[in-house]
Amino acid sequence: MRLLSNRTIAWLRDQIRTLPARLSPEDELTPVLALAARMAPVLSGWRGAPSPLESITAERFDATLTGRITTLVWRGGMDPDRVAPLLAAGRHVKDQPLWQLSRQHLALHPPRDLAERLDLTDDPDANLVAETEAFLCRPVAADHLTELHVDLFYRVLTQLYHFGESRPRTIAPRVFGQAFENCLRFSEWAVGNKNLTALVQMITCLRLIDPDHDVSALLSEVIPYQRPDGSFPARCGWSDQPQELATGAIPTIMAMVAFHVISHRRWHGPHAPDRHAPPIHTCRDQIAARIAERLEQAGTMPPSERLLVAASISRATGRNGFLLLEGLGGYVPTRGEVQALAVRLAGFPIAAQYARRTLALTQPLQELIDALPPEGGPLLDALRWLRAPTARIASPSPEDFIRDWDHAARQGDEPGFLRHCEQAAQYGLHDNSPHIREMAVHLVQREQRAFLARPRAGLPELLRRLDLMALMALVFEPEPELAAAA
């Protein structure tokens, strides 16, 4: 079995290396390469060691191609069903925030394909779970069965099992008994129709559900048809003619996965972490690291500007920026500076604590509070919060607030949207809507792309991006310990 697998990998290696060094997402063979790249980590997981296919596919499906695909996600009129499989193949850059943000954007414009929708979410909602269970349990008469249906069944089931890495957690156990019966029926159909691709797909599904199921009779309908070049044909039948990547890739890759499942019997690789680093936090930290290199420059600014730089650093990094910059220890801010500081630190309890400890805030803060009318609105709330984050502040009606926030997002009103984000941070409101999340993801990826294009931009430009990233991270990727501190 392992010899068969090695021959398929050798064929894929030779075929992939004939591809152009620089592919584009629109190239005809890019989806085939994406499938190979998507399956390479699966083979590594079953082997318990890196599969040669990972390095082979990385030669062509590299970071440059993945970057072009992430750019494609944001184009108007993009086809989610075409882009989703290409984007999923870029998991070798899964810790890069632009890839993660593109996945989030695609999830807000989901493809019709059920398997790809499952792949885009770690926590499927009740409707998606119900649709998945109904699909797996649905009996299909042999005369109505198609190769497309079998392929979708395979992709849905393997997605639920993560190709053997873990057992499904969201699907009712009863479903898999009916799914197993469907696997048996579909494999009979594949044998009768000499459909080798569907047959090896069902072999994989049967062994995922029941690792001890005897598939030797089904394998006897597959193994004899491996061609001398190492590939497998789409249909059962002998031939000594070599195949091109376009015709032989899918059946060969499907057979290769089945052989690994059978020969290795269980997943031997490391299990993926439950969650990766939140992408907005990663963007924020990258910009903060660049600003940290420029602290000497910030130290030459006037005190009023230095105060806001310190606030930005404090709320983004959790470090006391007021101590990092010279001349702010015991500094007495003006009323205007206190007002700007309160607005900037609203919702950031640790940064506010640093400001109270380091600056001489008590008197100017109280004077400003006393000077405002009782109905001072968000500004008065921000000042009271800066004075004592434990103070109770009456937040706006969540329903009305989210409606107005959503309207700003729908209209593309960036200033209005950001004002609502600031108020959401101030009042600790984390409920939102798909349009709000879409606008947030759009702004973050736009600023991150601009940062990567000009990482040594001027300090004011970097600080503006840092403030936006820190705000977006607080509102859309809240950390439990900060929420508790607030």
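Every value quoted in this text rests on a predicted model; they were computed, and no experiment measured them. All values below come from the heavy atoms of this structure, side chains included, with hydrogens, waters and symmetry mates left out.
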Check: [Y] main-chain N/O paired with [X] side-chain donor or acceptor under 3.5 Å:
{"X": "T30", "Y": "E26", "value": "no"}
{"X": "R117", "Y": "P111", "value": "yes"}
{"X": "H268", "Y": "R266", "value": "yes"}
{"X": "R68", "Y": "L23", "value": "yes"}
{"X": "S51", "Y": "R47", "value": "no"}
{"X": "D27", "Y": "S24", "value": "yes"}
{"X": "E165", "Y": "G45", "value": "no"}
{"X": "D406", "Y": "I402", "value": "no"}
{"X": "W99", "Y": "L87", "value": "yes"}
{"X": "S166", "Y": "H162", "value": "no"}

Side chain to side chain contact (heavy atoms under 4.5 Å, CB included) involving [X] - partner list, sequence neighbours excluded:
{"X": "L184", "result": "F180, E181, L206, H213"}
{"X": "R13", "result": "A10, R17, I56"}
{"X": "R174", "result": "E133, C137, A172, Q178"}

Could you report the tightest heavy-atom contact between [X] and [Y], atom names first, then the distance?
{"X": "A258", "Y": "V200", "result": "CB-O, 3.7 Å"}
{"X": "L29", "Y": "L19", "result": "CD1-CD2, 3.4 Å"}
{"X": "A424", "Y": "F401", "result": "N-CZ, 3.8 Å"}
{"X": "F232", "Y": "A255", "result": "CD1-CB, 3.8 Å"}
{"X": "A198", "Y": "W189", "result": "CB-CZ3, 4.1 Å"}
{"X": "L86", "Y": "A34", "result": "CD2-CB, 3.8 Å"}

Original post:
Just checking, is any N or O donor in the side chain of Q445 or R449 under 3.5 Å from an acceptor N or O on the other one?
Top reply: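 There is such a pair between these side chains.
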
Roughly how far apart are [X] [atom1] and [Y] [atom2], rounded to 0.5 Å?
{"X": "Q96", "Y": "C283", "atom1": "CD", "atom2": "SG", "value": "10.5 Å"}
{"X": "F476", "Y": "H281", "atom1": "CZ", "atom2": "NE2", "value": "13.0 Å"}
{"X": "M469", "Y": "R464", "atom1": "CE", "atom2": "CZ", "value": "9.5 Å"}
{"X": "R155", "Y": "L118", "atom1": "CZ", "atom2": "CG", "value": "10.5 Å"}

Subject >> Pairs involving residues 413-440, ordered by first then second residue, that meet salt bridge (Lys or Arg N to Asp or Glu O under 4.0 Å) (sequence neighbours left out) >> reply: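 Of all non-adjacent pairs touching residues 413-440, those that pass salt bridge (Lys or Arg N to Asp or Glu O under 4.0 Å) are E414-R446.
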
Subject >> Pairs satisfying side chain to side chain donor-acceptor pair (under 3.5 Å), at least one member in residues 198-210, at least two apart >> reply: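 Residue pairs passing side chain to side chain donor-acceptor pair (under 3.5 Å), neighbours aside: D151-Q201.
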
**OP:** Decide yes or no on side chain to side chain contact (heavy atoms under 4.5 Å, CB included) for L160 and L136, but give the supporting numbers first.
**Re:** CA-CA 11 Å; L160 291 173; L136 292 175; 3.5 Å; yes

**OP:** Quick one: do R265 and D212 satisfy salt bridge (charged side-chain N to carboxylate O under 4.0 Å, His left out)? Show the steps, please.
**Re:** CA-CA 9 Å; R265 292 190 58 81; D212 296 318; 2.7 Å; yes

Subject >> Step-by-step side chain to side chain contact (heavy atoms under 4.5 Å, CB included) determination, R22 to D62 >> reply: CA-CA 9 Å; R22 285 289 177 263; D62 54 11; 3.1 Å; yes

Let me have the donor-acceptor pairs involving side chains of residues 221-229, under 3.5 Å, with sequence neighbours excluded, atom names and distances please.
| unit_1 | atom_1 | unit_2 | atom_2 | d |
| --- | --- | --- | --- | --- |
| Q226 | OE1 | R7 | NH1 | 3.1 |
| Q226 | NE2 | L4 | O | 3.3 |
| Q226 | NE2 | G230 | O | 3.0 |
| R227 | NH1 | Q241 | O | 3.0 |
| D229 | OD1 | S231 | N | 3.0 |
| D229 | OD1 | S231 | OG | 2.8 |
| D229 | OD2 | W11 | NE1 | 3.3 |
| D229 | OD2 | S231 | OG | 3.4 |
| D229 | OD2 | Q243 | N | 3.0 |

**OP:** Please assess R38 against D119 for the test salt bridge (charged side-chain N to carboxylate O under 4.0 Å, His left out), listing each intermediate value before the final yes or no.
**Re:** CA-CA 12 Å; R38 198 171 181 178; D119 183 56; 3.4 Å; yes

Subject >> Geometric class of the H442/W74 ring pair [parallel <30°, tilted 30-60°, perpendicular >60°] >> reply: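 Tilted: the ring planes of W74 and H442 meet at 30° to 60°.
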
**OP:** Evaluate side chain to side chain contact (heavy atoms under 4.5 Å, CB included) for N182 paired with V140, printing each intermediate quantity in order.
**Re:** CA-CA 8 Å; N182 273 336; V140 182; 6.0 Å; no

Subject >> Check ion pair E399-R403 (N to O, under 4.0 angstrom) >> reply: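 Here E399 does not pair with R403 in a salt bridge, since their nearest N and O are not under 4.0 Å apart.
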
